[in-house]
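Notes for the one structure printed next.
Here is the naming used below: chain letters follow the sequence lines, and residue numbers restart at 1 for every chain.
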Number of protein chains: 4
Amino acid sequence: MAPLNDEQLTQIRDERKEQIIAAALQVFARRGIAGTKMSMIATEAGISHGLLYHYFKSKDDLFTTLVEGAVLEAHAEMKRVYELPGSPIERIRMLTESTLDEGGKPYFLLIHQARTSEGVPERAKLLIEKYSLELFVEQLRPLFEQGQQAGEVAEGDAGELIACYLSVLSGLMVLSAHETPDYIMPRIELLLRLVERR
Amino acid sequence: MAPLNDEQLTQIRDERKEQIIAAALQVFARRGIAGTKMSMIATEAGISHGLLYHYFKSKDDLFTTLVEGAVLEAHAEMKRVYELPGSPIERIRMLTESTLDEGGKPYFLLIHQARTSEGVPERAKLLIEKYSLELFVEQLRPLFEQGQQAGEVAEGDAGELIACYLSVLSGLMVLSAHETPDYIMPRIELLLRLVERR
Amino acid sequence: MAPLNDEQLTQIRDERKEQIIAAALQVFARRGIAGTKMSMIATEAGISHGLLYHYFKSKDDLFTTLVEGAVLEAHAEMKRVYELPGSPIERIRMLTESTLDEGGKPYFLLIHQARTSEGVPERAKLLIEKYSLELFVEQLRPLFEQGQQAGEVAEGDAGELIACYLSVLSGLMVLSAHETPDYIMPRIELLLRLVERR
Amino acid sequence: MAPLNDEQLTQIRDERKEQIIAAALQVFARRGIAGTKMSMIATEAGISHGLLYHYFKSKDDLFTTLVEGAVLEAHAEMKRVYELPGSPIERIRMLTESTLDEGGKPYFLLIHQARTSEGVPERAKLLIEKYSLELFVEQLRPLFEQGQQAGEVAEGDAGELIACYLSVLSGLMVLSAHETPDYIMPRIELLLRLVERR
DNA sequence: AATGAATGAGCGTTCATTCAT
DNA sequence: CATGAATGAACGCTCATTCAT
């Protein structure tokens, strides 16, 4: 009789929103902005395309929301390295592991799309500009410098080392995000050679 | 004016075709299939969009032709390593340099697009399947094995090493294809750490 | 709480219906059929859009109901002129005043919309056909003829005079419905020149 | 062989543009912005809807172009009154005649739509603001003041008289633009009563 | 009776492709 | 061979309408 109460409505809304976000993340990450049709997201989310627009103002809005989440998530992940136990190089290893981990792929890809595609919403551009590689580098600098002092990490400009390492990881993530047998994800031991002191 | 003879016509055709291919390579590599409009290619090639269809049946046809060329070019590039002078590790270094070099990028990128995009023409898919990572690995295996025997290249499964190395390079190529300050291309010395014996 | 009895329910229904009709009248009159969204009416009425459909089958149904009411109201208004005191010309003046008056505007406008818009429901078309200009003219004819006999109203074909006068009034109503500084509502003295004997 | 030359192309473009403008004027005038679908204009012009966008960037662009033309046309028409022969009142009569004339109706209606509809493009709003009633009044003021001095035009504030007269004419134009038997266009003699000295 | 989540037809717009010249 | 006018399929988005609660 009575309409749904506020709590139920909020719950439905939150669920649907999450459902759409999860679906959109998959599709955008794989196909890019131009290659993603709203109908694909709707289908992936199991709803009608019309309903998308109850929850997100536009394709751009949806994409930007995703980028925002991805950017925040990526930084939160980086910060966690300082809560890990072990020596610097061990913690770098664990960071690498969790980065290359399954879960984070779509986020990486999404940010890649946002960085490199045409027609990216202005706000999304600002977001990725603000949360740039530089910021990641500064976040990790203390860890790498500790590693250098401990003789575990290769000497030289720590900033450059981190930037290179992140670039290599990013590149691999982007490749690996697609299900093709044509790239292989190197074992972590191999990757660590890039930063380990010889 | 006398009409052009057959030979001249053929020459014009070939020139035009090359012109279109060069333009299309640039645009497809940077923007992907979905992000590329035929009008962009026409503009880049300095011709009318209508003329594209005198030389290529469709967008898919054009893309597939490009992939075909890129695949052949990539393998030819790989083969040249055996004509280079110097020790194995020096030749790997030169291969790396020329790979990351400006000229080769669009080919790599195009193949990446073909591998990872949705909506790729079937024939293009077959082409890149045929000329897969595995093939590259086998091409380079003799070189790496020589390097291992010479004590220059890290020990272990040479195939795995090559595959990893190519994946890292590919990832970096993909990232570097777009002009953003958010990735940096590592110095070759750094990259070589992945394969050098310590 | 005891459930509401039938009488109370009926009363609620009638009140709500009136509320919706009043809201819809405002919006339709100002914005036309195509320019009016059901959500606008719902907002104006202070209810949810879903509830509209408990009271009216469709947008067309609502519009048609409105036209029906407007047509009846307009004729009732015309009839009232015969209950007014004063000489014919004075009563024409009062009729003019009350016509141009705020209250009557939406009805006039709605009828105008129904007459001139495309996509008007068939039943609404029939209604305004039935209650045509001609009918208004005949309603007013006795008054104007009295005026002519009294030497107050210009001579000539009374029917034509009335029709012209109503057309001028209608046109002004239509213009004045929108709040732009680009039309001015003439003073009644000026308008009366159209019908007064010189 | 050779493509069409510039002259031919320009001619085709101009013809098509005129064709579209004429069609759009009809449809917009009759149905308003919201009620007009681009497909209607295309059908009326006898072309595909896609082609509309070769000639006009958007529905708004097309509408604004029309308003611009209508506004300029209206003012040009007003100016012509000063090239007419005869006494002031005769010239007012001729102006009235040509205003109520068939050809000008869609222009009037279009400006009416632009003034009163929702969702009117900003540039169109600016245009009609710039070419407002006030401007028309000032254009006609000399003529009406001459008429007053000659004892042909009713005394009083000439500006008010002109504004009222134009409002009445505008209202009638708006009504008469739709083909319904429900309004009648008054004879000019009747309308002139509004401005003639008694 | 009342709410708002959900659907899908339909419109504005883009762009690959065709074709007259 | 070369051009650009022309077409129409398909996408982003809106909104009338339905329906579970």
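- Side-chain contact between Y55(B) and I21(B) is absent, with no heavy atoms from C-beta onward closer than 4.5 Å.
- Between L62(D) and A24(D) the shortest heavy-atom distance is CD2-CB, 3.9 Å.
- For Y53(C), a side-chain nitrogen or oxygen approaches OP1 or OP2 of dT17(F) to under 4.0 Å.
- When each of dT21(F), dA5(E), dA5(F) is scored by its nearest atom to the side-chain atoms of L9(A), the top-ranked nucleotide is dA5(E).
- Using a 4.0 Å heavy-atom distance criterion, T36(A) is classed as a sugar-phosphate-only contact.
- Under 4.0 angstrom from either OP1 or OP2 of dA2(E) there lies at least one side-chain N or O belonging to Y55(C).
- Under a 3.5 Å cut-off, the side chain of K59(C) and the backbone N or O of T36(C) do form a donor-acceptor pair.
- Each of I33(A) and S58(C) was assigned the nucleotide of DNA chain F with the nearest heavy atom; the assignment lying further toward the 5' end belongs to I33(A).
- The nearest whole Å value for the distance from the CZ atom in F63(C) to the P atom in dT17(F) is 14 Å.
- With rounding to whole Å, F56(B) atom CZ is found 15 Å from dT18(E) atom P.
- Computed from coordinates, the D60(B) CG to dT17(E) C1' distance equals 12 Å when rounded to whole Å.
- A salt bridge between E68(A) and R123(A) is present, with a side-chain N of the basic residue lying under 4.0 Å from a carboxylate O of the acidic one.
- Where L51(C) and K59(D) meet DNA chain E, the nucleotide closest to each residue was compared, and L51(C) sits on the side nearer the 5' end.
- The base of dA5(F) does not come close enough to the side chain of H54(D) for any donor and acceptor atom to sit less than 3.5 Å apart.
- At least one side-chain nitrogen or oxygen of R13(A) sits closer than 4.0 Å to the OP1 or OP2 atom of dA5(E).
- No donor-acceptor pair under 3.5 Å is formed between the side chain of E44(C) and the backbone N or O of A23(C).
- With rounding to whole Å, R31(B) atom CZ is found 11 Å from dC15(E) atom P.
- Rounding to whole angstrom units, CD1 of residue I12(A) and P of dA6(E) are separated by 6 Å.
- The distance between atom CD of E118(A) and atom P of dT14(E), rounded to the nearest whole Å, is 17 Å.
- Heavy-atom distances to DNA chain E give each of L52(A) and A34(D) a nearest nucleotide, and the one nearer the 5′ end belongs to L52(A).
- In summary, the side chains of E15(A) and Q19(A) do not present any donor paired with an acceptor at a separation below 3.5 Å, with no hydrogens or angles considered.
- Nucleotide dC1(F) holds its P atom 14 Å from the CD atom of Q11(B), rounded to whole Å.
- Nearest nucleotide to the S48(D) side chain, out of dT7(F), dT21(E), dA2(E): dT7(F).
- Rounded to 10 degrees, the angle between the two end axes of the helix from dA2(E)-dT21(F) to dT21(E)-dA2(F) is 10°, with five pairs used at each end.
- Straight-line distance from the NZ atom of K37(A) to the P atom of dC15(E): 11 Å, rounded to whole Å.
- Side-chain atoms of H49(D) stay outside donor-acceptor range of the base of dT7(F), with no qualifying N/O pair under 3.5 Å.
- With hydrogens and angles ignored, the 3.5 Å screen pairs a side-chain donor or acceptor of S58(A) with a backbone N or O of D61(A).
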Give the C-alpha distance, both sets of side-chain angles, the deciding distance and a yes or no for side-chain contact (heavy atoms from CB on, under 4.5 Å) between Y107(B) and I111(B). CA-CA 6 Å; Y107(B) 292 108; I111(B) 294 179; 5.5 Å; no

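- Here I47(D) lies in heavy-atom contact (under 4.0 Å) with sugar-phosphate atoms only.
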